[in-house]
2 protein chains.
Amino acid sequence: MGTVSKALSLLSYFSRQRPEIGLSDLARMSGMNKATVYRHMSEMAAQGIVEQTQTGKSYRLGAEVLRLAALREAAVPLLEVAREQLRHLSDATGETAHFSIIQGTKLNALAHHYSTRHGTRVTMEDAEVLSFHGTASGLSILAYADTAFRDQVLAEPLTAHTPHTETDPARIRDRLNEITQTGFAQSVGGFEADVHSIATPIFGADARPIGALAIAAPVARMTPDMISLAQTELALAAQTLTRRIGGFAPADASPTPEETTA
Amino acid sequence: MGTVSKALSLLSYFSRQRPEIGLSDLARMSGMNKATVYRHMSEMAAQGIVEQTQTGKSYRLGAEVLRLAALREAAVPLLEVAREQLRHLSDATGETAHFSIIQGTKLNALAHHYSTRHGTRVTMEDAEVLSFHGTASGLSILAYADTAFRDQVLAEPLTAHTPHTETDPARIRDRLNEITQTGFAQSVGGFEADVHSIATPIFGADARPIGALAIAAPVARMTPDMISLAQTELALAAQTLTRRIGGFAPADASPTPEETTA
DNA sequence: GTATGTTGGTTCATTATTTGAACCATTGGT
DNA sequence: ACCAATGGTTCAAATAATGAACCAACATAC
């Protein structure tokens with residue numbers, strides 16, 4: 001691993017739960033020497049990628065990443081198009097819609113939209129790390145991912161987020177097969193208790209999944225009619241999103257909206 | 001300059017005008033050796049910061065920057081709060097409102113909001129680089145920036161974006177003094193022909209300007225009444241934004257909304 | 001008030017990494 | 001068939017990264 005990778009890998013320790021990290025902590029977490037971490041952070045700070053809090057101590061992400069993200073959106077308007085679909089999805093279903101993408105071996109929630117139809121709703125946070133095995137989004141992606149990626153994810157220890165999380169790799173593989181039949185993954189309380197989610201993957205130019213659209217509702221409101229509606233809308237939104245970002249669904253991919261509506 | 005800085009500095013060559021860059025071009029632009037650029041880009045690609053287009057050739061910014069930006073927003077909700085104010089500003093004035101921040105020695109437009117009141121409007125692109133001397137936003141920032149920064153910006157060659165762009169450093173300094181009197185900067189056709197902009201700065205925790213809010217309208221629609229309205233709304237929005245991000249306006253800063261309304 | 005354990009930051013000889021000229025293999029144009 | 005690009009690769013030489021030990025500053029504990 002080169003110096004640049006090492007420096008950039010420091011960024012992976014920042015999370016929603018830990019948006020600011022001190023020098024010593026960062027050195028401990030990364031296992032790197034304190035002096036090394038200091039220089040890496042200083043260099044990244046000079047480039048605006050990170051900055052120090054006004055107390056002068058701990059580090060956090062810098063404003064430059066905003067520029068980079070805006071530029072990325074200009075080149076590949078993934079989130080912009082996704083937000084459009086999310087708005088439509090939550091309006092059509094009256095429930096929370098969210099979008100997440102694969103980044104390395106992680107699944108990151110990047111955008112969401114709430115509906116105002118109900119007083120209670122499933123709440124989301126952007127930049128939250130989701131699990132592949134415990135969420136509908138993750139499962140839908142795994143179902144269409146190549147074997148190597150699936151094996152890699154399922155080889156790691158699978159944490160049980162709730163009592164209902166399926167953590168047995170063999171049983172998860174069975175579910176993945178079922179998912180490819182319908183094109184939709186479901187998770188009932190697998191990540192958060194009392195949340196029923198339905199998801200379908202989004203594909204990149206190489207026909208491999210790059211993310212997922214999902215609708216999340218309280219278990220009680222996810223009636224058969226609702227499931228049917230959610231699937232219809234998800235299929236349409238996913239197809240639109242995949243197409244708009246220049247992606248291609250694989251031959252065995254999620255059904256077209258016509259098929260679903262039937 | 002360390003290796004990490006050099007690698008990260010490659011990112012600065014990506015712009016709205018040039019969202020994808022090939023290896024040889026990037027080497028030429030940066031003046032670095034082709035092999036060096038190749039390894040830097042490879043390492044950054046491994047971290048998801050950049051990626052290669054499916055034609056396999058040129059590089060562009062990667063999806064990881066979206067995660068980083070989402071995380072930055074979670075830690076410092078600058079854009080979220082700014083967008084709120086932009087919405088209000090464009091609704092209240094019926095014109096285009098936009099927000100830009102200083103990054104290094106550049107001024108970057110990062111968010112905007114259009115009004116639907118008129119058929120014609122000033123259009124903006126996010127992630128666009130603005131000039132300090134040619135825009136109302138830039139001037140408003142310069143007016144409140146420390147001397148060192150102001151000198152640095154005015155020492156560089158000042159390009160004339162339009163025939164109306166003021167490029168004489170001495171005359172610009174005079175205008176900056178006037179700006180500190182009122183708290184607002186104006187630019188009539190200084191960046192784009194037929195665009196009249198009014199801007200006021202946003203301050204960080206150290207009472208130094210970090211960005212600016214602006215309203216841009218076609219010259220003909222920027223009547224005295226409109227200017228007055230824009231200033232009132234800008235002052236309020238800027239004060240709110242500065243406060244919400246934990247910033248402080250300096251003692252000699254832009255007037256409070258009360259003073260302006262008078 | 002002193003001792004102790006933090007913290008962020010710095011130093012410098014040793015070491016490992018980056019660097020760049022020259023080199024391929026492809027591609028596209030003439 | 002040629003030429004001039006392109007992205008990518010190699011390897012000795014040069015340069016930069018590294019890490020143990022070291023500050024000074026700040027808490028907390030005794």
Side-chain angles (χ1 to χ4, degrees), chain A residues 1-15 17-64 72 75-76 204-206 246, chain B residues 1-15 17-64 72 75-76 204-206 246:
Chain A
M1 190 153 80
T3 311
V4 177
S5 292
K6 278 186 224 165
L8 291 176
S9 73
L10 288 173
L11 299 177
S12 68
Y13 295 99
F14 292 92
S15 69
Q17 285 74 36
R18 218 163 182 331
E20 298 182 0
I21 314 182
L23 178 60
S24 297
D25 275 358
L26 202 46
R28 263 190 298 276
M29 291 181 195
S30 62
M32 295 182 198
N33 187 282
K34 191 161 57 104
T36 304
V37 173
Y38 174 72
R39 270 182 308 253
H40 285 340
M41 294 309 282
S42 297
E43 290 208 62
M44 290 196 285
Q47 302 296 320
I49 303 290
V50 299
E51 67 185 18
Q52 285 183 285
T53 54
Q54 45 248 35
T55 61
K57 306 291 182 182
S58 46
Y59 296 88
R60 69 176 171 214
L61 289 164
E64 173 70 2
R72 158 78 188 191
V76 186
D206 51 1
Chain B
M1 190 155 78
T3 311
V4 177
S5 292
K6 279 185 223 163
L8 290 176
S9 74
L10 289 172
L11 299 178
S12 68
Y13 296 99
F14 291 93
S15 70
Q17 286 72 36
R18 219 162 181 330
E20 296 182 2
I21 314 181
L23 179 61
S24 298
D25 275 357
L26 202 47
R28 262 191 298 275
M29 293 182 195
S30 62
M32 295 183 198
N33 187 281
K34 192 160 56 104
T36 304
V37 173
Y38 174 71
R39 269 182 308 253
H40 284 341
M41 294 309 282
S42 297
E43 289 208 61
M44 289 196 286
Q47 301 296 319
I49 303 291
V50 299
E51 66 184 19
Q52 285 183 284
T53 54
Q54 45 249 33
T55 62
K57 306 289 182 184
S58 46
Y59 296 87
R60 69 176 171 214
L61 289 164
E64 174 69 1
R72 158 79 187 189
V76 187
D206 51 2

TODO: Might you point out which heavy atoms bring B/V4 and A/M44 nearest each other, and give the distance in Å?
DONE: CG1-CG, 4.1 Å

Open item on the list: Without decimals, in angstroms, what is the distance between B/L10 CG and D/dG7 P?
Closed with: 14 Å

- [ ] Determine, for nucleotides 14-24 of chain D in 5'-to-3' order, which nucleotides have protein heavy atoms under 4.0 Å from the base (write B), from only the sugar-phosphate (write S), or from neither (write -).
- [x] --SSBBB----

Task: Proximity to the side chain of A/L23 - top-ranked nucleotide from D/dT6, D/dG7, C/dG9 - done: C/dG9

- [ ] Return the value, rounded to whole Å, for the distance between atom NZ of B/K57 and atom C1' of C/dA25.
- [x] 10 Å

Open item on the list: Please determine whether a side-chain nitrogen or oxygen atom of A/Q52 lies at a distance below 4.0 Å from atom OP1 or OP2 of C/dG9.
Closed with: yes

Open item on the list: Please give me the minimum heavy-atom distance between A/Y13 and A/I21, naming the atom from each residue.
Closed with: O-CD1, 3.3 Å

TODO: Specify the separation, in whole Å, of atom CG of A/L26 and atom C1' of C/dT6.
DONE: 17 Å

- [ ] Map A/Y38 and A/R28 onto DNA chain C by nearest heavy atom, then report which one ends up closer to the 5' terminus.
- [x] A/R28

Task: Heavy-atom pair of closest approach, residues B/A63 and B/E51 - done: N-OE1, 4.3 Å

Task: Any A/Y59 side-chain N or O less than 4.0 Å from OP1/OP2 of C/dG9 - done: yes

Open item on the list: Just verifying a value: how many Å separate B/D25 CG and B/R18 CZ, rounded to the nearest 0.5 Å?
Closed with: 4.5 Å

Task: Atom pair CD/CD of B/Q52 and B/E20 - distance to nearest 0.5 Å - done: 11.0 Å

Open item on the list: Could you report the tightest heavy-atom contact between A/A27 and A/K34, atom names first, then the distance?
Closed with: CB-CA, 3.9 Å

